[in-house]
Amino acid sequence: MLGFLKRPVVVKADINLNVVVLTAVALLSRLWQLAYPRAVVFDEVYYGQYISFYMKRIFFLDGSGPPFGHMLLALGGYLGGFDGNFLWNRIGAEYSSNVPVWSLRLLPALTGALLVPMAYQILLELGFSHCAATGAALLMLIENALITQSRLMLLESVLIFFNLLAVLSYLKFSNSQKQRPFSLSWWFWLTLTGVACSCAVGVKYVGVCTYLLVLTVASVHAWHLIGDRTLSHVRVLCHLLARAAALLVIPALMYLLFFYVHLILVYRSGPHDQIMSSAFQASLEGGLARITQGQPLEVAYGSQVTLKNVFGKPVPCWLHSHQSTYPMIYENGRGSSHQQQVTCYPFKDVNNWWIVKDPGRHQLVVSNPPRPVRHGDVVQLVHGMTTRFLNTPRVRRPAPGTASTSLRPALLSVAEWRCPHSVDCRPSDPTSCGLFPRGVVIGRVRNSLHWTVWFSRHDVAAPLSPHSQEVSCYVDYNISMPSQNLWRLDIVNRESDTEVWKTILSEVRLVHVNTSAVLKLSGAHLPDWGFRQLEVVGEKLSRGYHESMVWNVEEHRYGKSQEQKERELELHSPAQMDVSRNLSFMARFLELQWRMLTVRSDDSEHKYSSSPLDWVTLDTSIAYWLHPRTSAQIHLLGNAVIWASAGLATLVYALLFLWYLLRRRRGIHDLPEDSWLRWALAGALCAGGWAVNYVPFFMMEKTLFLYHYLPALAFQILLLPAVLEHLGDRLCRSPLLRSLFSGLVVAWYSCACHVFNTLRPLTYGDKSLSPSELKALRWKDSWDILIRKH
Amino acid sequence: MLCATSRLLAARTATALPAQPRGRGPGARCRRRELHFPGHPELPLGDFLAGRLPRSSVSAGRRAILRRGRMPPAVRGGPAGVELRPRRGRCGPQVTRAVGPDVAAEPTARSPKRPARGSRRFEAAGRWALLALVTLLAFATRFHRLDEPPHICWDETHFGKMGSYYINRTFFFDVHPPLGKMLIGLAGYLSGYDGTFLFQKPGDKYEHHNYMGMRGFCAFLGSLLVPFAYLTVLELSKSLPAALLTAALLTFDTGCLTLSQYILLDPILMFFIMAAMLSMVKYNSCADRPFSAPWWFWLSLTGINLAGALGVKFVGLFIILQVGWNTISDLWHLFGDLSLSVVTVGKHLTARILCLIVLPLTLYTATYAVHFMVLNKSGPGDGFFSSAFQARLSGNNLHNASIPEHLAYGSVITVKNVRMAMGYLHSHRHLYPEGIGARQQQVTTYLHKDYNNLWIIKKHNTNADPLDPSFPVEFVRHGDIIRLEHKETSRNLHSHYHEAPLTRKHYQVTGYGINGTGDSNDFWRIEVVNRKFGNRIKVLRSRIRLIHLVTGCVLGSSGKVLPKWGWEQLEVTCTPYLKETLNSIWNVEDHINPKLPNISLDVLQPTFPEILLESHMGNNGLKPKDNEFTSKPWHWPINYQGLRFSGINDTDFRVYLLGNPVVWWLNLLSIALYLLLGSIIAVAMQRGACLPAEVEGLSQVLLQGGGQLLLGWMLHYFPFFLMGRILYFHHYFPAMLFSSMLTGILWDTLLRLCAWSLASSSLARGIYAVGLLSLLLGTAYSFYLFHPLAYGMVGPLAQDPRSPMAGLRWLESWDF
């Protein structure tokens with residue numbers, strides 16, 4: 001009964017003291033004086049503002065990467081009890097006491113420290129010796145750039161951590177594949193691979209490169225699996241399905257999860273709202289939601305609305321009109337309709353209000369019950385403040401030589417012109433007015449000095465986009481110029497053909513009935529006469545769907561007053577309140593993701609920006625921070641010995657690989673099969689990891705910095721001991737050579753240590769060096785080490 | 001592979017032998033159902049449509065066998081060996097011959113039903129006739145109504161104009177390499193066009209000018225695409241119907257047709273691409289007889305066509321990549337063939353280097369040599385090129401000019417930015433407007449020669465007139481502190497800590513001071529880059545930088561266009577980032593100093609390699625045409641939106657570049673089907689499934705021939721996603737050619753597989769024929785529907801229900 005007591009309870013543990021010691025030293029090197037420059041260092045100014053947004057739960061949009069990385073940093077702030085109250089406005093600003101610097105920087109530092117034992121494990125899993133593994137860890141440990149980057153509130157070390165984690169767990173998985181497929185640890189490492197990949201992508205988009213690399217290696221392995229005839233079809237299928245689930249489905253779900261959490265966290269409206277659609281803004285607390293609450297959903301005849309352009313480029317704006325008219329003659333000699341300007345205005349304004357009118361009736365109020373406007377209905381749009389109709393002139397080609405004095409409805413655009421006293425203009429003698437070579441005077445309108453000129457143009461082109469029609473608000477000049485103010489409503493995202501026009505949700509095109517021109521934001525800024533607002537045109541030949549032609553109702557209320565005066569009052573009053581409308585998560589995710597990918601930062605120059613070619617040779621550096629008084633400074637600089645030898649190792653690897661490959665092709669097998677496979681896998685993951693994290697930068701147009709190279713460098717460092725061990729094994733046959741080789745390696749490593757130690761003041765920024773010492777550190781002219789002039 | 005060879009056996013036995021060595025090879029274990037229909041030699045000519053050559057479809061695999069010099073057991077000694085041999089070395093230009101006398105001879109010996117020699121000749125003639133028919137049809141469609149419309153359409157305004165420049169020998173600048181435009185010019189010249197037409201804007205009438213020569217030349221090259229595609233597919237698939245289907249797709253595609261009918265670079269480019277593809281495929285099929293005459297012929301022809309493709313447009317690079325990939329994999333196979341000595345492999349390598357690298361490069365350089373030789377008069381392109389280059393052009397003010405060689409104080413100079421299309425340092429009597437930096441005189445760069453480009457170089461600390469004869473001449477040296485005074489307005493080049501008008505991170509550059517008296521912000525340090533010519537500053541050749549003394553920034557042009565207030569000239573800034581870019585490097589062009597002796601500029605003329613290098617620098621960043629909707633690459637394969645070649649209104653003669661939607665959507669479907677089918681087959685083979693002989697053969701064609709075409713399509717399509725420049729619909733057409741060829745092979749294979757899976761041979765043949773005919777007829781009918789797009793339409797637009805095209809506007813985005 002008490003049999004189990006017969007045997008003692010024994011716990012056996014293998015502790016690799018190498019790893020423990022290395023981890024401890026790594027933690028020490030990364031965490032030592034972590035809170036030290038108690039000031040904003042370089043890009044902390046950038047990430048910090050997002051952390052503040054998270055703390056205050058305010059919505060923001062950052063095009064540089066998915067939200068997971070920001071959220072991790074914010075987690076540090078949350079644990080440290082940060083309230084988000086800090087103005088992140090300049091590098092070097094002192095942190096106020098409410099900013100928990102240590103906990104904000106803790107997470108990047110921890111992940112940076114963990115790179116060391118992970119490098120050890122990866123080399124081990126690749127089949128190299130403990131010696132090589134220790135070497136990789138030691139190199140990771142003394143790389144100055146990695147230390148600098150992980151000691152600050154930046155995302156690179158987190159990204160590298162997940163990259164390496166993905167590779168490590170894939171290696172663990174593929175090693176357990178040989179022994180026990182479908183065992184618990186097999187599943188664990190497979191799933192972890194997928195999770196780590198999605199985390200890497202979630203931190204920065206560049207993580208995609210490593211993800212693709214892992215996917216490629218996995219699919220090559222899977223392809224071999226398919227060719228394995230000892231496995232049954234069902235088993236192969238199971239293998240494939242398990243991999244697809246772990247490496248495709250899980251990352252996709254994780255990615256969605258990041259956004260889900262992000263959108264839950266930031267639910268308040270904030271400064272970046274304007275970039276998003278009205279529907280999205282309405283889903284945020286405060287902001288637009290406060291205005292649009294309680295708006296009637298369905299637009300009816302008599303509704304007062306503001307129309308927002310969906311495209312929103314160059315800036316989000318609303319359809320607008322004001323008292324001023326188009327100038328009679330543009331600078332280039334073209335004529336206009338001289339009617340009231342219609343523009344797109346990027347600010348909220350009472351002149352953005354329009355009234356939807358039924359062409360058949362005169363009422364400008366909503367009847368009881370309201371008659372909703374549906375897809376395909378013809379409406380008139382009346383500008384609320386001036387009560388003029390939205391109009392685009394339909395003009396026919398004039399008969400040749402139309403210099404007629406008669407008022408023909410087929411005529412052209414109209415403009416008022418005050419005749420100079422000195423010129424005798426007679427209706428019967430149109431050519432006497434030399435001012436307008438193409439103008440024909442056809443009639444006296446108000447008084448003797450007031451003439452109307454019909455231009456013998458066959459088109460009224462928009463002011464800046466002559467290929468499109470002008471859009472104006474119709475001014476009745478007392479002549480029988482027909483107004484053409486009927487617009488057909490085309491709901492783009494309709495589900496049925498009788499769909500009702502809905503506030504915010506419906507995206508509509510307004511098609512001019514007479515000309516089938518579509519109301520469109522051209523994106524050009526009008527000159528001074530148009531107050532630099534944006535031009536709105538009628539696009540005659542609409543080439544398919546484009547967002548610049550689509551508008552949605554943002555603010556909406558039912559009009560109540562028929563009289564102009566009352567209506568003006570009504571328009572000035574704020575809209576009423578009620579409930580908010582919610583978008584589904586997927587719709588919000590898709591919109592947010594799309595905007596993040598398309599939002600552009602315009603400036604592409606920075607003092608410390610560099611090109612990818614500078615990185616390999618370490619021809620560039622970044623000054624991160626300078627002590628306000630002394631010349632203590634933090635400078636992103638790599639360990640030159642490691643960079644050079646890692647680059648060399650990559651080259652040696654590539655040449656050796658090519659050499660072996662060619663010789664194998666000729667039937668000469670230098671390496672036994674399994675060590676060749678190991679050698680190839682090490683190259684695929686380490687050299688491949690370096691390549692995929694480096695080469696894409698050549699194709700990027702954004703501003704690039706030295707720290708973009710660090711993920712590639714981490715992979716390159718892993719390759720270095722692998723190549724050294726291989727060289728040692730292949731070249732050094734005799735014990736003498738072997739000891740000589742080890743001696744060389746040790747000498748080289750101490751050299752790297754020495755460089756690390758020399759650059760340490762710039763890495764930690766803890767020691768103020770004298771100008772001469774700083775000058776001595778400037779090994780390359782392109783290193784921009786800051787020297788204080790006293 | 002063994003299964004495949006046994007398929008050959010099967011095909012053979014089907015033709016002649018009732019019972020032969022079926023059971024011998026390992027392939028015999030496979031399930032086998034022979035196809036009886038496809039035109040093996042017994043079939044009368046009428047079965048051509050359904051016919052295919054007895055294919056040695058495993059060509060690549062078999063090539064490997066042949067190279068290794070051993071044959072699989074099933075073949076060795078068997079009658080199939082006879083069938084293998086005749087294919088050796090057969091690589092003449094005509095496919096018709098590829099059927100081979102031996103293949104046809106075999107049945108004639110065995111089947112006494114038919115007159116042997118007659119049927120063979122009959123068949124060969126039939127194949128010739130088919131090729132002739134395809135070619136004829138292509139020519140007929142391309143040349144039909146070639147003269148309409150008799151006005152400039154779309155980009156004819158550029159390329160026709162450039163053709164005229166060649167005829168008039170005036171220098172111009174264009175982003176594309178010169179070969180295509182040179183050919184257009186040559187065609188115009190030969191057909192009697194005198195180069196006097198202005199080609200001002202689309203819609204201008206040609207009137208009495210002879211434009212048909214140039215259009216005819218393009219149409220000729222455009223027509224040749226069809227037979228080229230036909231022959232390529234025939235070579236890859238050994239199946240006549242597949243080739244015929246491809247030819248039909250291309251002949252009846254309105255897009256290809258439209259693009260071939262005008263004076264454009266695209267037909268020329270596509271011609272070279274297809275010719276390179278064809279000669280590459282031909283040379284692949286010669287691989288079993290290396291270093292023979294045809295082998296050399298096709299190899300060097302490939303090289304020549306590559307040079308042609310690259311010489312017309314830089315997108316010719318994609319076909320070079322494709323050929324390169326093919327060559328590398330070919331060499332890889334040769335290298336792995338242990339029966340070949342390393343020396344032989346070395347010879348192979350050398351041959352390819354000679355024909356595919358050295359030859360094209362030589363030709364490409366030669367086109368540039370001709371280009372610069374022909375264009376020796378000054379023209380609109382002068383300002384784009386360096387000052388030294390302009391001295392070559394007669395009519396340019398630097399031609400045969402003589403100016404002082406070294407820069408001295410007191411000289412009047414013009415300063416030109418080294419970067420292409422940046423212009424001269426310029427200033428004028430207008431101030432920066434209110435709110436944009438300091439309200440001082442504007443400094444810009446200006447592309448044209450103007451007296452406002454003149455500056456006087458002075459010492460920073462004296463205002464004495466250095467031209468006073470009593471002073472000795474003093475040369476400007478590297479590192480001197482100077483002052484540049486604008487000659488017209490007597491203001492100094494000046495910079496200060498105000499942000500530049502457009503590039504906010506740079507400092508503003510202004511003209512400041514009165515009569516040359518300013519402040520210390522007018523001082524610049526002049527530096528010579530590289531100092532190839534010593535410390536003095538050499539006119540035209542020295543590359544100089546101007547560094548502002550106070551702020552330490554470098555004078556440069558950002559290349560951005562200023563708004564109206566700046567007369568749309570380019571912005572000049574002083575950049576604090578001391579990076580070496582061409583934007584901040586200048587050279588001295590005009591140089592007037594009466595105290596110095598003049599030298600002839602001819603000694604400063606650049607050498608040809610320098611010119612070649614210069615014309616390849618700084619091509620990027622040029623602005624596209626305004627007022628044009630540009631399209632996105634994903635629009636293209638789905639035929640989302642066309643391009644308006646001519647006419648907008650209902651009274652105009654309208655031509656609209658749009659692919660035949662039936663063809664294009666079929667192509668799209670085919671790519672998807674191909675990927676599906678290809679991966680199924682690949683997985684099946686990897687799993688070691690033993691495919692029946694017929695399927696094995698078909699799948700080899702699909703994977704190898706189709707794979708090459710798919711690669712071609714991808715190479716000509718996907719890189720556009722990475723391109724930052726403005727893209728247009730017509731960029732897709734080279735890719736479209738590849739995808740049409742893929743469609744031909746895919747549907748042929750697919751129908752054969754369908755037919756094969758239905759047991760009965762007569763039914764199978766019926767299905768196959770019906771399927772193929774319906775594809776052919778469907779394409780032809782759709783062409784009948786859509787032909788007005790290419791041949792022109794007048795009348796109401798398609799939105800109008802009265803228009804004959806009203807029902808054909810299948811996508812709302814088509815506006816014809």
Side-chain angles (χ1 to χ4, degrees), chain A residues 222-233 236-237 240 331 397 458-459 464-468 490 492 509 511 515-516 522 525 527-528 539-546 602-611 614 620 661-668 696 698-701 781-782 784, chain B residues 331-342 345 433 502-506 558 563-565 573 575-581 626-629 631 635 640-644 648-651 679 682-689 719 721-724 797-800 811-816:
Chain A
W223 185 246
H224 289 314
L225 208 65
I226 292 177
D228 185 352
R229 317 238 167 118
T230 59
L231 296 174
S232 70
H233 290 319
V236 169
L237 197 66
L240 294 183
E331 287 175 15
R397 187 182 284 271
H458 59 273
D459 211 344
L464 301 176
S465 315
H467 294 262
S468 311
D490 175 17
V492 180
R509 296 199 304 173
V511 185
T515 60
S516 8
S522 83
H525 282 275
D528 288 335
E539 176 75 17
K540 277 175 290 193
L541 295 148
S542 58
R543 306 190 198 199
Y545 172 83
H546 191 267
D602 40 45
D603 223 339
S604 68
E605 224 175 357
H606 190 278
K607 187 158 189 225
Y608 293 107
S609 69
S610 51
S611 81
D614 302 335
T620 168
L661 193 71
L662 289 177
R663 278 168 68 86
R664 280 175 68 83
R665 188 72 189 163
R666 293 301 290 183
I668 306 162
F698 284 97
M699 286 176 275
M700 282 187 199
E701 283 167 8
D781 286 344
S782 47
D784 212 352
Chain B
L331 284 173
W332 185 243
H333 280 295
L334 290 174
F335 191 69
D337 183 351
L338 296 180
S339 67
L340 296 178
S341 72
V342 180
V345 176
L502 300 177
T503 316
R504 290 291 160 84
K505 289 190 168 177
H506 294 182
S558 67
K564 278 244 170 64
W565 56 256
T573 64
T575 153
Y577 312 123
L578 302 170
K579 299 249 162 57
E580 288 259 330
T581 62
D626 284 343
N627 290 322
E628 281 219 36
F629 253 86
S631 61
H635 288 169
Y640 178 72
Q641 207 168 60
L643 247 174
R644 200 177 281 131
I648 297 180
N649 295 323
D650 43 5
T651 49
S679 42
V683 167
M685 284 162 83
Q686 178 76 1
R687 280 305 288 165
F721 282 97
L722 300 177
M723 280 189 202
L797 299 170
Q799 289 113 312
D800 197 330
L811 286 186
E812 263 199 33
S813 47
W814 299 346
D815 34 73
F816 47 78

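Quick note: numbers below take in every heavy atom, side chains included, and nothing from hydrogens, waters or symmetry partners. Quick note on labels: first sequence line is chain A, next is B, and so on, each numbered from 1.
Neither the backbone nor the side chain of Ile668(A) comes within less than 4.5 Å of any heavy atom in chain B. If you measure heavy-atom distances from Val345(B) to chain A, the contacts under 4.5 Å come from the side chain alone.
Considering every non-hydrogen atom in both Trp223(A) and Gln686(B), the closest pair reads O-NE2, 2.9 Å. Residues Arg229(A) and Met685(B) approach most closely at NH2-O, 4.0 Å, considering heavy atoms.
From Arg666(A), atom CZ reaches atom CG of Asp337(B) across 7.5 Å, with rounding to the nearest 0.5 Å. Arg687(B) CZ to Leu225(A) CG: the interatomic distance, rounded to the nearest 0.5 Å, is 8.0 Å.
Legend: residues meeting ring-ring contact (aromatic ring centres under 6.0 Å, His included) with Trp332(B), ordered by chain and number and at least two apart, are absent.
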